[in-house]
Amino acid sequence: MTEQIDQGLRSELQRQGIWVTSMQELYNWGRQNSIWPLQFGLACCAIEMIATAASRYDIARFGGEIFRPSPRQADLMIVAGTVTKKMAPQIVRLYNQMPDPKYVISMGACAISGGPFKQGYNVLKGIDRYIPVDVYIPGCPPRPEALLHAFMELQRKIDSQKLTGTDKAEHLDPTQLSEFPVPAFGAHDLEPPANPDVFHPLKIERQG
Amino acid sequence: MTPNPYFFIVIFVGVAIAFPLMPLALAWLWRRFFQPPKPGAGKNAIYECGVESLGEAQVQFRSQYYLYCIIFLIFDVEAIFLVPFAVAFTGLPVGAFIAILVFLLLLIEGLIWAWSKGCLSWALAR
């Protein structure tokens with residue numbers, strides 16, 4: 001929609017005190033500047049998340065200070081820390097209960113891949129096995145600046161989402177599901193160990 | 001021409017109705033034209049802490065713990081009185097001594113009454 005507005009005309013009008021915008025721009029502007037994260041932390045990354053929310057780093061400058069204790073009111077899930085296999089079903093269930101549009105930041109090495117505890121029998125090897133992740137932050141733990149950077153990346157992603165057309169955002173598409181199956185405790189591991197609809201690991205192609 | 005003095009109340013009522021209805025209508029229109037609702041079993045679940053709810057919500061609790069609490073609270077307060085009593089014990093006149101004994105006796109009497117009613121035996125008082 002934005003492409004239809006001539007940028008020169010737009011700035012000309014703006015100089016005259018007339019602000020021209022589109023529905024999509026207004027919608028994304030509102031969403032990206034009031035992202036409410038879900039208030040939960042899993043391990044040491046949560047301490048960095050708390051520091052990000054507190055006065056020194058102040059995530060409020062980006063409109064993300066309203067940490068909600070209920071998934072019904074949250075837009076963003078910051079998976080901050082080691083996801084144990086005991087905790088994974090709860091996280092997927094919380095993600096399912098969040099209203100659309102919803103986003104996930106996978107914070108730290110543990111949430112990405114299991115991190116230093118990857119060999120542990122009780123640690124999930126990355127939350128992206130069960131829910132779609134929008135932004136990954138490497139680090140152990142990542143500094144608050146890194147979380148702010150991820151937050152800004154997410155804002156950029158929200159800003160680029162389309163309201164209409166074939167490439168519109170997933171939450172506007174009635175065929176895209178907003179709930180994912182919750183894994184159950186099996187005899188040795190979570191069942192299933194990964195959701196094949198969500199989890200697409202990179203294949204290593206070896207030469208010769 | 002002066003308007004009817006109640007005319008402003010009519011305006012107020014109109015605004016008071018339109019103000020909450022407008023965002024609801026906008027949300028409805030947004031849902032109708034842009035964002036399809038995606039309800040589901042997990043999404044509509046009542047409990048929202050990530051854990052599945054077990055059993056019925058309409059369960060009955062025993063009120064006996066309440067009695068325990070009350071009896072504990074009485075002796076908790078008594079301890080607060082006993083400490084200054086013990087500190088000032090040697091310098092107390094007879095009247096004050098008798099007064100605190102009566103106070104203690106009243107509480108002990110209450111305890112004996114509750115005991116004899118079976119409030120302190122968890123298993124029997126069903």
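Below, chain A is the first sequence line, B the second, and so on; all start at residue 1. Excluded from the calculations below are hydrogen atoms, water molecules and symmetry mates; all remaining heavy atoms, backbone and side chain alike, are included.
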For the [atom1] atom of [X] and the [atom2] atom of [Y], what is their distance to the nearest 0.5 Å?
X	Y	atom1	atom2	value
A/Arg72	B/Lys43	CZ	NZ	10.0 Å
A/Tyr27	B/Trp30	OH	CH2	5.5 Å
A/His171	B/Phe34	NE2	CZ	10.5 Å

Could you check whether atom [atom1] of [X] has more than 12 heavy atoms from other residues, nucleotides or ligands sitting under 6.0 Å from it?
X	atom1	value
A/His188	NE2	no
B/Tyr47	OH	no
B/Tyr68	OH	yes
A/Arg61	CZ	yes
A/Gln14	CD	yes
A/Glu191	CD	yes

Legend entry - Under 4.5 Å from a heavy atom of chain B, the part of A/Gln73 involved: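 Nothing of A/Gln73, per the 4.5 Å heavy-atom cut-off to chain B.
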Legend entry - A/Gln90 to B/Gly50 - nearest heavy-atom pair and separation: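 Taking A/Gln90 first and B/Gly50 second, the nearest heavy atoms are CG-O, 3.3 Å.
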Inset, instruction - Search all heavy atoms of B/Pro36 against all heavy atoms of A/Leu172 and return the closest pair with its distance. - result: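 Closest pair (atom of B/Pro36, atom of A/Leu172, distance): CD-O, 3.3 Å.
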Legend entry - Option that, when pairs with chain B are counted at under 4.5 Å, heavy atom only, ranks first among A/Lys168, A/Gln176, A/Met98: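 Most pairs with chain B among the choices: A/Gln176.
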Inset, instruction - Output yes when a side-chain donor or acceptor of A/Gln97 lies under 3.5 Å from a complementary backbone atom of B/Gly42, and no otherwise. - result: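 Looks like yes, one N/O pair under 3.5 Å.
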Inset, instruction - Let me know if B/Phe33 has heavy atoms under 4.5 Å from chain A in its side chain, its backbone, both or neither. - result: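 For B/Phe33, there is no contact with chain A at all, as no heavy atom is under 4.5 Å.
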Legend entry - Any B/Gln35 side-chain heavy atom under 4.5 Å of A/Pro101 side chain: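 Side chain of B/Gln35 against side chain of A/Pro101, heavy atoms only: contact under 4.5 Å found.
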Inset, instruction - Apply the test side-chain contact (heavy atoms from CB on, under 4.5 Å) to residues A/Asp100 and B/Lys38: give CA-CA distance (whole Å), side-chain angles for both, the deciding distance (0.1 Å), then the verdict. - result: CA-CA 8 Å; A/Asp100 286 291; B/Lys38 293 173 184 175; 3.8 Å; yes
